[in-house]
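Accompanying notes for the structure given below.
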Amino acid sequence: MNKKKITIMMLTSILSFFGCKGKIEKNTEQTEMDLLIEKSFDEFNNRKIYKRLTTEIIESIPDDKLEQAIMDNIDTNFKKGEPYTLDKISKLTKGRQAVFSTWWLEAEVNNGGFNQFYFNSSGQFAEMAVSGLKAIGAEKFSKLTSKANKIYNENKERLEEFDDGTMESFSESYKDNPLNDLDTEFYKLYESEPIGDLRITYIRNNTSEFTVE
């Protein structure tokens, strides 16, 4: 899939996750990127949500919509406004855990690095993401994330001092952050391990892990 489209899809999903579901205000002088983002928001907000997934339904969903369909289906297990919790996600099948945790890891790191991943509630799925990456065949990403988890845990107490709910503190948390160097490594790994493609292949090859009647 086009890398630009991947970024926009993740952006729209992240914004939705944090409650920013409104349309972009129309500008009289829209650039090509503005129009692309607006179109992506419209497509995202009007996408079909599958509350049930059969093998036939999964096979009918095109690759570029498959991951989002799985993520949406997982979301139907939660009430509106209910946060994702490790306890509840851990009750899903291993396949669903793999897709959910690696998808959020990728979205967060691409948006704000490993620091953002741990800073946000998605960090609770860090260990699950290591196993998930290995399950879908992203061995290098799995090792890098395991390394990131170790570094974060070693610096957790210091980094948590910045967690006061303000953007100023969040920005400050990036200074001399030992996780920063890992972000570049993460981005380079796409050349050898395209996570999105690996997730799609995994879903296609393990359909029973994702069916919900």
Exercise for the section: Grab the two heavy atoms, one from Asn155 and one from Ile151, that are nearest each other, plus how far apart they are. Expected result: ND2-O, 2.7 Å

Problem - Within one Ile-Leu-Val-Met-Phe-Trp-Tyr cluster: Val212 and Tyr50, side-chain cutoff 4.5 Å - result: no

Problem - Verdict with reasoning, Gln97 to Phe125, per side chain to side chain contact (heavy atoms under 4.5 Å, CB included) - result: CA-CA 9 Å; Gln97 289 180 42; Phe125 306 108; over 6 Å; no

Problem - Over 12 foreign heavy atoms within 6.0 Å of NZ, Lys156 - result: no

Completion exercise
Residues Gly132 and Thr102: closest non-hydrogen pair is C-CG2, 3.6 Å

Problem - Any donor-acceptor N/O pair, Ser90 side chain to Leu86 backbone, under 3.5 Å - result: yes

Handout entry: Separation between CH2 of Trp104 and CE of Met128, rounded to the nearest 0.5 Å
Key = 14.5 Å

Exercise for the section: Treat each ILVMFWY residue as a node, draw an edge where side-chain heavy atoms are under 4.5 Å apart, and state whether Ile200 and Phe100 are in one component. Expected result: yes

Handout entry: Hphob cluster co-occupancy, Leu66 + Ile49, side-chain heavy atoms under 4.5 angstrom
Key = no

Practice task
Measure from the side-chain N and O atoms of Asn111 to the backbone N and O of Ala107, and report whether any donor-acceptor pair falls under 3.5 Å.
Solution key: no

Practice task
Measure from the side-chain N and O atoms of Asp75 to the backbone N and O of Met71, and report whether any donor-acceptor pair falls under 3.5 Å.
Solution key: no

Exercise for the section: Look at Glu139 together with Lys143 and state whether they make a salt bridge at an N to O cut-off of under 4.0 Å. Expected result: no

Practice task
Please check if the side chain of Glu38 supplies one atom and the backbone of Leu35 the other of a donor-acceptor pair under 3.5 Å.
Solution key: no

Handout entry: Test item: side-chain donor near acceptor, Arg96 and Asn73, under 3.5 Å
Key = yes

Problem - Parallel, tilted or perpendicular: ring planes of Phe141 versus Phe186, cut at 30 and 60 degrees - result: perpendicular

Completion exercise
Here the pair of heavy atoms bringing Asn149 nearest to Glu127 is ND2-OE2, 3.5 Å

Completion exercise
dist Ser122:OG -> Tyr84:OH (nearest 0.5 Å) comes out at 11.5 Å

Problem - Polar side-chain atom of Ser192 near backbone of Leu189 as donor-acceptor pair, under 3.5 Å - result: yes

Exercise for the section: May I ask you to say whether Lys175 pairs ionically with Glu172, meaning some side-chain N is under 4.0 Å from a carboxylate O? Expected result: yes

Fill in the blank from the handout: Closest non-hydrogen contact found for Lys147 with Leu182 is CE-CD2, 3.9 Å

Handout entry: Side-chain donor/acceptor of Thr93 to backbone N/O of Glu209, under 3.5 Å
Key = yes

Handout entry: Rounded distance [0.5 Å steps], CD1 in Ile58 versus OG in Ser208
Key = 9.0 Å

Problem - Close side-chain approach of Ile57 and Ile61, heavy atoms under 4.5 Å - result: yes

Problem - Rounded distance (nearest 0.5 Å) linking atom CG of Leu159 with atom OH of Tyr174 - result: 11.0 Å

Problem - Sidechain-backbone polar pair: Tyr152 side chain, Asn115 backbone, donor-acceptor under 3.5 Å - result: no

Practice task
Kindly say whether Phe119 contributes a backbone atom to a donor-acceptor pair with the side chain of Asp163 at under 3.5 angstrom?
Solution key: no

Fill in the blank from the handout: For Gly95 and Tyr202, the nearest pair of non-hydrogen atoms, with its separation, is CA-OH, 3.6 Å

Exercise for the section: List the steps, then state whether side chain to side chain contact (heavy atoms under 4.5 Å, CB included) holds for Tyr187 with Asn110. Expected result: CA-CA 8 Å; Tyr187 307 140; Asn110 277 319; 3.6 Å; yes

Exercise for the section: Before accepting this row, confirm whether a basic side-chain N of the pair Glu67/Arg199 lies closer than 4.0 Å to the acidic partner's carboxylate O. Expected result: yes

Handout entry: Donor + acceptor pair across side chains of Thr166, Ser169 (<3.5 Å)
Key = yes

Problem - Spatial distance of atom CG (Leu105) from atom OG1 (Thr145) [nearest 0.5 Å] - result: 4.5 Å

Exercise for the section: Tell me, yes or no, whether the heavy-atom count around Asp164 atom CG, taken from other residues, nucleotides or ligands under 6.0 Å, exceeds 12. Expected result: yes

Handout entry: Note, Leu92 side chain near Asn77 side chain (heavy atom, < 4.5 Å)
Key = yes

Practice task
Would you check if the side chain of Gln124 reaches a backbone N or O of Ser121 as a donor-acceptor pair within less than 3.5 Å?
Solution key: yes

Practice task
Begin with the C-alpha distance, continue with both residues' side-chain angles, and end with the deciding distance and a verdict on side chain to side chain contact (heavy atoms under 4.5 Å, CB included) for Thr85 and Ile89.
Solution key: CA-CA 6 Å; Thr85 62; Ile89 293 297; 5.8 Å; no

Handout entry: Exceeds 12 heavy-atom contacts within 6.0 angstrom, atom CD of Glu157
Key = no

Handout entry: Verdict with supporting geometry, Phe117 and Leu179, side chain to side chain contact (heavy atoms under 4.5 Å, CB included)
Key = CA-CA 11 Å; Phe117 173 64; Leu179 292 167; over 6 Å; no

Fill in the blank from the handout: Correct closest heavy-atom pair for Thr211 and Thr54 would be CG2-C, 4.0 Å

Problem - From Trp103 atom CH2 to Ile74 atom CD1, the distance as rounded to the nearest 0.5 Å - result: 10.5 Å

Practice task
Could you tell me whether Glu59 and Arg204 make a salt bridge, using a distance below 4.0 angstrom between a side-chain N and a carboxylate O?
Solution key: no

Exercise for the section: May I ask you to test the Val130-Lys134 pair for a side-chain heavy-atom distance under 4.5 Å? Expected result: no

